[in-house]
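Since we're looking at a predicted model, the values are computed, not measured. For this chain, numbers begin at 1 and follow the sequence in order.
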Amino acid sequence: RARCALAPDRTRRPMPSRLRRRLLLPNPPAYPCLHCAMQMLLQFVMFLVRRLCLSVEELVFAYACVERVLNRHMTVMRTYSVRPMLLGACVIACKVTRDHAIKVCQCFDQVSFVLDKLQLEALVRIEHQMLELLGWRLPMGLVLQRYADALLGVAIEARGIVFNVPQMLH
């Protein structure tokens, strides 16, 4: 078998299943690759969707926030910054798009059982940093509609089920 350039020379032992379920991680592959990283990121997004009860519109809003930050500040993109950025964007999306008042501590309560090293103060800082990087200007209108169209297009291709594309606020 061909080895991935990132594979260590020593063999890797799998993580105990109880801990793996706690972290929402699949069995670590013998040869790490981009596909595995994308799968773990997808699992993290699905975890956020389930625990924060995100609607399609809220997920679209969160992705648009992350993209706007990356377009404005390309240097913030690091392997360790993707998950906190998504988490912060999802918290902002919950607070902005829902009719009732959402507090950061409510979001924290929903994710803290899995993200057990996360502290409430850290989540507050993540949210504040995302707002600072966004320049306190949130994406609206056509930006969100392009994301809604793209995300639903991917879902239609993957599932073969036709969805109604939500109309984002202008």
Side-chain angles (χ1 to χ4, degrees), residues 4-6 23-25 32-112 114-158 163-170:
C4 178
L6 299 175
L23 297 174
L24 293 175
L25 297 174
C33 60
L34 180 62
H35 175 72
C36 298
M38 294 303 291
Q39 283 298 106
M40 288 193 307
L41 184 60
L42 175 64
Q43 282 184 329
F44 184 70
V45 170
M46 294 309 299
F47 161 73
L48 291 174
V49 167
R50 277 192 309 271
R51 294 306 302 168
L52 298 176
C53 300
L54 296 175
S55 66
V56 173
E57 293 85 359
E58 291 166 337
L59 189 59
V60 166
F61 188 88
Y63 275 123
C65 287
V66 171
E67 184 192 39
R68 180 169 280 183
V69 166
L70 294 177
N71 285 339
R72 293 183 71 194
H73 309 280
M74 287 188 260
T75 58
V76 299
M77 182 61 169
R78 302 280 186 262
T79 55
Y80 54 83
S81 66
V82 175
R83 287 182 182 189
M85 287 173 56
L86 277 171
L87 178 58
C90 288
V91 169
I92 293 168
C94 288
K95 291 174 84 174
V96 169
T97 59
R98 296 188 181 171
D99 290 335
H100 55 283
I102 300 286
K103 296 182 180 179
V104 178
C105 61
Q106 293 170 308
C107 296
F108 175 77
D109 290 341
Q110 292 299 314
V111 298
S112 63
V114 171
L115 305 175
D116 52 1
K117 296 197 189 257
L118 180 67
Q119 297 176 349
L120 179 59
E121 296 79 21
L123 185 56
V124 170
R125 280 195 309 271
I126 290 169
E127 178 195 23
H128 188 262
Q129 287 172 347
M130 282 296 291
L131 289 168
E132 286 285 335
L133 292 170
L134 285 166
W136 297 90
R137 293 192 175 114
L138 301 174
M140 307 261 319
L142 293 178
V143 173
L144 296 178
Q145 192 62 52
R146 283 196 311 265
Y147 266 98
D149 295 343
L151 283 175
L152 270 289
V154 169
I156 289 169
E157 283 181 25
F163 297 95
N164 292 330
V165 178
Q167 295 301 308
M168 306 309 286
L169 297 174
H170 293 301

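- The shortest distance between side-chain heavy atoms of F61 and L54 does not fall below 4.5 Å.
- Each of I102, L48, L87 was scored for a side-chain contact (heavy atoms from CB on, under 4.5 Å) with C107, with one residue passing: I102.
- For the side chain to side chain contact (heavy atoms under 4.5 Å, CB included) test, residues two or more places apart in sequence or in another chain that qualify with L41 are V82, L86.
- By the side chain to side chain donor-acceptor pair (under 3.5 Å) test, E67 is found to be paired with Y147, residues two or more places apart in sequence or in another chain being considered.
- Residues forming a side chain to side chain donor-acceptor pair (under 3.5 Å) with R68 (at least two apart in sequence, or on another chain): none.
- In this structure, OG on S112 lies 14.0 Å from NZ on K117, to the nearest 0.5 angstrom.
- Residues L115 and F108 fail the side-chain proximity criterion, which asks for heavy atoms closer than 4.5 Å.
- Annotation: the span from C90 atom SG to F44 atom CZ amounts to 7.5 Å, rounded to 0.5 Å.
- Counting heavy atoms from C-beta on, the side chains of C53 and R98 come closer than 4.5 Å.
- Put simply, the side chain of S81 gets close to the backbone of V76: a donor and an acceptor are under 3.5 Å apart.
- Nearest heavy-atom pair across A62 and A89 is O-CB, 3.5 Å.
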Using a 3.5 Å cut-off and no angle test, enumerate the donor-acceptor pairs between side-chain atoms of residues 120-134 and protein atoms at least two apart in sequence or in another chain.
from	atom 1	to	atom 2	distance (Å)
E127	OE2	K95	NZ	2.8
E132	OE2	W136	NE1	3.1

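- A 4.5 Å side-chain heavy-atom check between L70 and M85 finds at least one atom pair inside the cut-off.
- Residue pairs that meet the side chain to side chain donor-acceptor pair (under 3.5 Å) test with at least one member in residues 99-108, sequence neighbours left out, do not exist here.
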